[in-house]
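To keep things clear, I will list the structure first and then write my remarks on it.
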Amino acid sequence: MNMQRTSGALYALVDCNNYYCSCERVFNPRLEGRPLVVLSNNDGCAVARSQEAKDLGVKMGTPWFQLQDLVRQHRLVGLSSNYTLYGDMSARVVQVLSQFSPDYEVYSIDESFLQVDQMRLLWPSFTAMGKAIRMRVRQWTGIPVCVGLAPTRTLAKLANHIAKKNPQFGGVFDLTAYPSVDLDILLSSIDVGEVWGVGRRIAEKLHGMGIHTVQDLRRTSPKTIRAHFSVVMERTVTELQGNPCMDLEEVAPAKKQIISSKSFGASVATQEELMEALATYVSRAAEKLRAQHSVCGVLQVFIHTNQFRPDDPQYSNAVTIPLPYPTSDTRKLASAAAMGLRAIFRNGFLYKKCGVMLLDISPAGTIQRSLFDAVEENAMHSAAIMSVLDGLNTRFGRDTVKVAAAGTAQRWIARAENKSQCFTTRWTELPKAIAN
DNA sequence: TCTGGGGTCCTAGGACCC
DNA sequence: TCTGGGGTCCTAGGACCC
């Protein structure tokens with residue numbers, strides 16, 4: 001298959017190497033060369049590993065207590081995570097990357113896609129550009145990165161993987177500049193599980209179908225894949241074949257759900273303790289919600305006992321609470337969450353985790369908010385609300401009008417019902433509807 | 001009470017990513 | 001003793017409406 005590019009898109013995926021560990025090393029150069037892991041909350045397990053730690057066989061997610069032998073034998077270092085630092089460093093890296101192309105997408109804290117085909121004339125080759133990216137990011141931020149170049153994002157991820165695993169490429173791999181015969185050989189040596197979008201389960205199923213390597217998958221028709229998997233996999237194969245079907249999202253879209261939760265260092269048993277933790281999570285989630293200028297219409301509270309202790313009595317539950325109207329007000333969210341916790345809390349268990357999830361998120365709209373706030377805060381005395389309700393009452397009969405919530409915030413409706421008829425409309429269209 | 005197709009909305013759960 | 005915290009998308013199935 002030919003990946004030589006004649007025209008069209010070219011993506012560069014810039015991925016920071018061992019990101020959290022690299023950040024720590026920028027501020028503590030003595031960690032250079034030593035096996036290093038960054039630990040999760042409560043120093044529970046390894047969430048990032050330096051190359052030296054990977055070479056020692058430390059797997060992602062390994063509990064810290066299982067690594068103590070390596071600490072003694074190889075002076076493995078474990079550091080508590082510092083997400084503020086990683087966030088700040090990430091912004092600096094993106095700042096540097098933005099100088100190379102105006103079209104970029106921050107995909108995660110340590111990865112960005114750049115659309116670079118417009119930059120063709122500025123560089124002798126895209127490999128040269130990739131090397132310049134590496135060097136500048138390293139010089140200006142201290143963070144080492146690898147660069148993968150390809151006509152689709154899925155292939156760019158793959159190219160980046162190749163750049164990381166094969167030192168002879170010097171940290172930059174341009175898939176379009178590589179002879180296609182050699183590429184076939186190279187891709188035949190990579191397990192299909194390395195493809196972006198192919199996780200453990202799907203890899204197993206593909207193996208069962210005789211598709212073992214990236215090359216195998218690339219040679220399979222998307223339609224065949226569609227017959228066995230979802231459209232997501234179909235797109236993945238299409239992209240592997242060099243046909244882009246994912247667009248660059250330059251502006252990070254607003255979050256559709258916001259989760260705030262944490263495991264406790266020590267299990268807790270009482271409702272008061274959970275309540276206290278929950279209050280913190282709600283306030284953190286509400287901050288995120290307001291930061292993206294959204295409101296949420298539904299809130300979910302969940303609690304879990306320690307699943308790693310099968311001998312303890314196990315209990316987990318969650319409750320979903322529709323809010324009376326969409327809001328980002330911490331107090332309103334907190335009181336709904338407290339109500340939810342009271343509903344699902346059971347005595348006699350040791351709880352290890354709890355959290356809150358904000359759902360049904362929509363942009364904060366001034367009209368919606370002012371109407372509903374008026375209903376609540378002015379206790380129905382607002383002239384505007386009253387006239388709307390009067391109109392509905394006249395049409396459908398007294399005492400049949402209710403304000404109801406349904407579904408997403410965009411569909412917040414006024415609902416009037418009696419035995420024989422039901423009338424619903426959006427708030428914004430109410431005056432018009434009544435006039436008719 | 002039974003008959004029936006088509007559409008939307010919602011939820012739960014699975015799979016993936018970092 | 002000690003086991004992360006976020007997110008996304010898709011699908012299936014049920015409720016409900018016309």
Ranking C:dT11, C:dG4, B:dA15 by distance to the side chain of A:Arg201, first place goes to B:dA15

In terms of side-chain heavy atoms of A:Ser40, which of C:dG4, C:dT8, C:dT1 is nearest? C:dG4

Contact between A:Leu36 and A:Glu52 at the side-chain level, heavy atoms closer than 4.5 Å - yes or no? no

Given C:dT3, is OP1 or OP2 found less than 4.0 Å from the side-chain N or O atoms of A:Lys352? yes

Map A:Lys256 and A:Arg226 onto DNA chain C by nearest heavy atom, then report which one ends up closer to the 5' terminus. A:Lys256

Contact class for A:Val232 vs. all strands (heavy atom < 4.0 Å): base, sugar-phosphate, or nothing? sugar-phosphate

Contact class for A:Leu39 vs. all strands (heavy atom < 4.0 Å): base, sugar-phosphate, or nothing? nothing

Looking across every strand, which nucleic acid part, if any, lies under 4.0 Å from A:Tyr107 by heavy atom: base, sugar-phosphate, or nothing? sugar-phosphate

With rounding to the closest Å, how many angstrom separate the P atoms on B:dC17 and C:dT3? 26 Å

Would you kindly give the NE2-to-C1' distance between A:His161 and B:dC18, to the nearest whole Å? 16 Å

To the side chain of A:Trp196, which of C:dG7, B:dA15, B:dC18 is closest? B:dC18

So does A:Arg235 get a side-chain nitrogen or oxygen closer than 4.0 Å to the phosphate oxygens (OP1/OP2) of B:dC16? no

For the side chain of A:Glu111, starting at C-beta, report the closest nucleotide among C:dT11, B:dC18, C:dG4. B:dC18

Distance-only polar pair, side chains of A:Asn18 and A:Ser50, donor-acceptor under 3.5 Å: no

Counting side-chain heavy atoms from C-beta on, which of C:dG5, C:dT11, C:dG7 comes nearest to A:Lys262? C:dG5

Among B:dC18, C:dT3, C:dG6, the one nearest A:Ser260 by side-chain distance: C:dG6

With a non-hydrogen cut-off below 4.0 angstrom, is A:Val195 in contact with a base, only sugar-phosphate, or nothing? sugar-phosphate

State whether a side-chain donor-acceptor pair under 3.5 Å links A:Ser101 with A:Asp103. no

How would you label the contact of A:Lys157 with the nucleic acid (heavy atoms, under 4.0 Å): base, sugar-phosphate, or nothing? sugar-phosphate

Contact between A:Leu206 and A:Ile225 at the side-chain level, heavy atoms closer than 4.5 Å - yes or no? yes

Atom CZ of A:Arg153 and atom C1' of B:dC16 are separated, to the nearest Å, by 15 Å

Report the relative orientation of the aromatic rings in A:Phe349 and A:Tyr315; use parallel for angles under 30°, tilted for 30 to 60°, perpendicular for over 60°. parallel

Tell me: CD of A:Gln307 to P of C:dG5, nearest whole Å? 11 Å

Does the side chain of A:Ser108 get closer than 4.0 angstrom to OP1 or OP2 of B:dC17 through an N or O atom? no

Among the nucleotides C:dG6, C:dC2, C:dT8, whichever has the atom closest to the side chain of A:Arg309 is C:dC2

Among the nucleotides C:dT8, B:dC17, C:dG6, whichever has the atom closest to the side chain of A:Lys288 is C:dG6

Scan side-chain atoms only and decide if A:Gln292 and A:Ser294 contain a donor-acceptor pair under the 3.5 Å cut-off. yes

Rounded to the nearest angstrom, tell me the gap between atom CG in A:Asn160 and atom C1' in B:dC18. 13 Å

Please report the distance, rounded to the nearest Å, between CD in A:Glu194 and P in B:dC18. 11 Å

Nearest listed nucleotide, side chain of A:Ile202, among C:dG5, B:dC16, C:dT3: B:dC16

Between A:Leu358 (CG) and C:dT8 (P), how many Å, whole number? 12 Å

Atom CZ of A:Phe302 and atom C1' of B:dG13 are separated, to the nearest Å, by 15 Å

Measuring centre to centre across the rings, with the benzene-like ring taken for any Trp, is A:Phe264 within less than 6.0 Å of A:Tyr351? no

So what does A:Asn42 hit on the nucleic acid, given a heavy-atom distance under 4.0 Å: a base, only sugar-phosphate, or nothing? nothing

Whole-Å distance separating the CD atom of A:Gln257 from the P atom of B:dC16: 18 Å

Can you work out whether A:Arg284 or A:Ser230 has the more 5'-proximal nearest nucleotide on DNA chain C? A:Arg284

Tell me whether the side-chain N/O atoms of A:Lys353 come closer than 4.0 Å to OP1 or OP2 in C:dG6. no

